[in-house]
Amino acid sequence: MREAGVNLVNLGIFSWSRLQPGPDEFDFEWLDRVMDLLNEGGIKVDLATATASPPPWLSHQHPEMLPVLADGVRLWPGARQHYCPSSPVYRDAARNLVERLSARYKDHPALVMWHVGNEYGCHVAACYCDVSARDFRAWLRDRYGSLEGLNRAWGTDFWSQRYSDWEEILPPRQAPTWPNPSQCLDFLRFSSDALLACYEVERAVLAKATPGVPITTNFMRFFKPLDYWKWAAHEDIVSDDVYQDPSEPEASSLDAAMAGDLMRSLGQGRPWILMEQTTSRVNWRPVNVPKSPGQMRLWSFQAVARGADGVLFFQWRQSRSGAEKFHSAMVPHGPIESWPTWREVVQVGSELGRLDALCGSRVPAEVAIVFDWESWWALEQPSKPSANVRALEQVQAYYAPLYRANITADFAHPEADLKAYKLVLVPNLYLVSDAAAAGLTAYVSGGGRLVMSYFSGIVDPADQIRLGGYPAPFAEMLGLRVEDFAPLAEAETVPVRFGGGQRATGRTWSELIRPAGAEVLARFDDGDLEAEPAVTRHEFGRGAAYYIGTTLDSIAMGALLEKAWTEAGVATVGDAPSGVEAVRRNGAAGSYLFLLNHRDAEVEVEVGPGVDALTGERIAAGRLRIADYGVAIIKEDSLPRQAASRGRGPDQP
Ligand code: GAL
């Protein structure tokens with residue numbers, strides 16, 4: 001570990017059955033030994049609470065703590081994460097273990113952080129058993145106060161679903177056809193909260209035992225079942241697990257950049273930790289392609305570039321047994337010396353050791369992408385005009401042009417204060433609260449620039465249509481009304497023509513837009529909606545709002561966003577050849593420019609003067625060579641004005 005530059009170990013994650021071999025039996029001696037060994041080696045510990053996989057004796061004695069699926073099937077033990085989040089048996093047993101663990105190690109010199117559970121919701125994100133049903137009803141009483149309030153919010157007059165007693169209410173179990181969508185949405189909220197309550201049970205114990213020790217649990221990028229905005233508020237440090245697919249390096253790099261930006265944003269801009277990645281292959285895809293030489297290093301520094309202050313691996317030593325024995329690790333099954341990846345591990349470890357001055361620095365962003373779990377959940381429930389409007393695909397359609405232009409973006413909750421941003425992007429915000437609608441409108445009227453896509457502002461938080469003409473809460477700001485939706489068939493496209501003559505293609509969606517003050521930038525160019533508006537822009541108050549009534553092809557989307565960011569005065573981090581990601585971190589120690597070459601070929605990038613943060617060598621202004629999958633981190637002599645973005649003039653998307 002010392003050779004690899006390891007200074008933090010995430011320890012004991014799945015060790016409950018070793019720590020507590022029976023209900024009244026505890027065995028901490030082996031863990032004492034590992035903690036002491038690490039401490040003697042100068043290595044700190046992020047100690048896991050070990051509660052993600054309950055021991056066999058617990059489910060044997062209390063089979064009622066096992067989770068139940070929507071169709072009534074109860075899951076068996078034998079893998080991991082087999083617990084009902086609402087189970088008092090599970091919560092009590094977890095609390096008991098964490099009390100003992102924290103009492104034993106609270107003063108241990110190696111302890112620097114607590115790792116609660118592991119990847120909450122990864123395998124079991126919701127439980128439909130009777131205990132969960134009871135818990136769900138309590139949650140609903142809290143939310144609605146009265147049965148009348150619940151009946152109203154869920155629209156239960158429809159399909160004769162009116163409840164006359166709380167006991168009649170169930171989780172949305174397997175039913176003849178679609179269950180009530182408002183009920184489903186509340187059950188998703190409840191299920192995220194139920195797991196958060198499990199986390200809280202443990203966090204409360206730890207916070208009391210060791211008030212100064214930070215607490216985290218590892219997230220999983222854009223993980224649908226958990227509302228990470230809510231969760232992150234309960235963490236001292238946000239941490240994330242990222243497993244790129246080396247068989248799709250381009251898509252994986254974009255995804256990982258996006259996840260990094262999300263993690264930073266969840267922590268309100270504070271540094272986060274890359275808690276898990278693999279050195280080479282995973283074991284859980286049908287075919288597990290290895291990372292190419294250099295790619296692990298590249299992706300490690302990509303996380304750092306996007307705000308991570310720590311990089312860890314799952315796992316230290318490759319297992320000899322169990323379900324993950326073919327998952328790679330820092331130490332392989334075979335001899336370590338001849339394994340090329342070990343050399344890369346050692347290199348990354350030593351390079352990270354040279355970047356201490358970077359710790360705590362921030363990643364500046366002038367653009368915010370509005371993202372909301374509740375809207376995601378509501379949007380992707382069945383029985384919509386189109387099942388092909390998928391939240392993450394739409395977010396990516398906005399993110400990709402920024403990423404390619406080296407414009408860093410934050411993610412923002414719809415009710416966040418957006419004043420600091422020059423440009424706000426709103427991909428398909430189907431569900432919107434009154435506060436969010438008011439906030440976004442005030443942002444534009446106060447001088448902000450905003451771009452919004454179709455099917456936004458359609459329902460309220462109860463998933464009830466906002467009446468008064470679509471998109472009711474935004475119609476005035478956008479200067480238009482949508483008369484009706486006209487989703488496109490699976491493979492159908494529609495031509496779109498911009499005012500300047502440029503042609504584009506729309507897919508997934510079209511709609512009949514009636515401008516009421518908005519300027520038409522592009523029109524549909526064929527079909528029933530021929531000559532009707534497809535893209536608009538509206539000056540509203542001191543700002544302006546763009547609206548897109550279809551999914552534009554990536555070139556047109558990029559050009560439209562460029563028009564918007566140019567108008568907003570958003571700066572790029574710098575010009576770099578395609579395939580080279582440029583990100584900047586600023587801190588007390590100065591400004592660091594990260595250049596990440598995702599290409600399998602050497603590139604040259606124009607840079608300003610500075611010092612190579614990895615080698616300490618001076619870098620003169622001019623062209624800098626970066627090897628295939630290479631990384632340059634330049635401590636810049638002075639904070640450069642971020643390269644001005646190039647505009648293309650009006651009507652030229
Ligand atoms: C994560 C998990 C680890 C390990 C890893 C394999 O989901 O936290 O325990 O299973 O994936 O890639």
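Numbering of ligands and ligand atoms starts at 1, following listing order. Quick caveat: nothing in here was measured; it's all calculated off a predicted structure.
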> Would a line drawn from the ring center of Phe411 to the ring center of Phe222 be shorter than 6.0 Å?
Replying inline: yes

> Strictly under 6.0 Å, is that where the ring centroids of Phe187 and Tyr128 end up?
Replying inline: yes

>> Below 4.0 Å, non-hydrogen atoms only: which portion of Asn118 touches ligand 1? Side chain, backbone, both or neither.
In response: side chain

>> Which residue and atom name correspond to the protein heavy atom nearest atom 5 (C) of ligand 1, and how close is it?
In response: Tyr243 OH, 3.4 Å

> For atom 3 (C) of ligand 1, what is the nearest protein heavy atom, given as residue, atom name and distance?
Replying inline: Glu276 OE1, 3.4 Å

>> Which residue in the set Thr210, Ile215, Ile273 passes side chain to side chain contact (heavy atoms under 4.5 Å, CB included) when paired with Met113?
In response: Ile273

>> Is Arg80 close enough to touch ligand 1? Criterion: a residue heavy atom under 4.0 Å from a ligand atom.
In response: yes

> Numbering the atoms of ligand 1 from 1, which are under 4.0 Å from a heavy atom of Glu324?
Replying inline: 4 (C), 5 (C), 6 (C), 10 (O)

> Quick one: which ligand 1 atoms are inside 4.0 Å of a heavy atom on Glu119?
Replying inline: 1 (C), 2 (C), 7 (O), 8 (O)

> Ser102 side chain to Leu206 main-chain N or O, any donor-acceptor pair under 3.5 Å?
Replying inline: no

> With sequence neighbours excluded, what pairs up with Asp245 under the salt bridge (charged side-chain N to carboxylate O under 4.0 Å, His left out) test?
Replying inline: Arg285

> With sequence neighbours excluded, what pairs up with Trp377 under the side chain to side chain donor-acceptor pair (under 3.5 Å) test?
Replying inline: none

>> Is there a polar contact, in the sense of an N or O pair closer than 3.5 Å, between His327 and ligand 1?
In response: yes

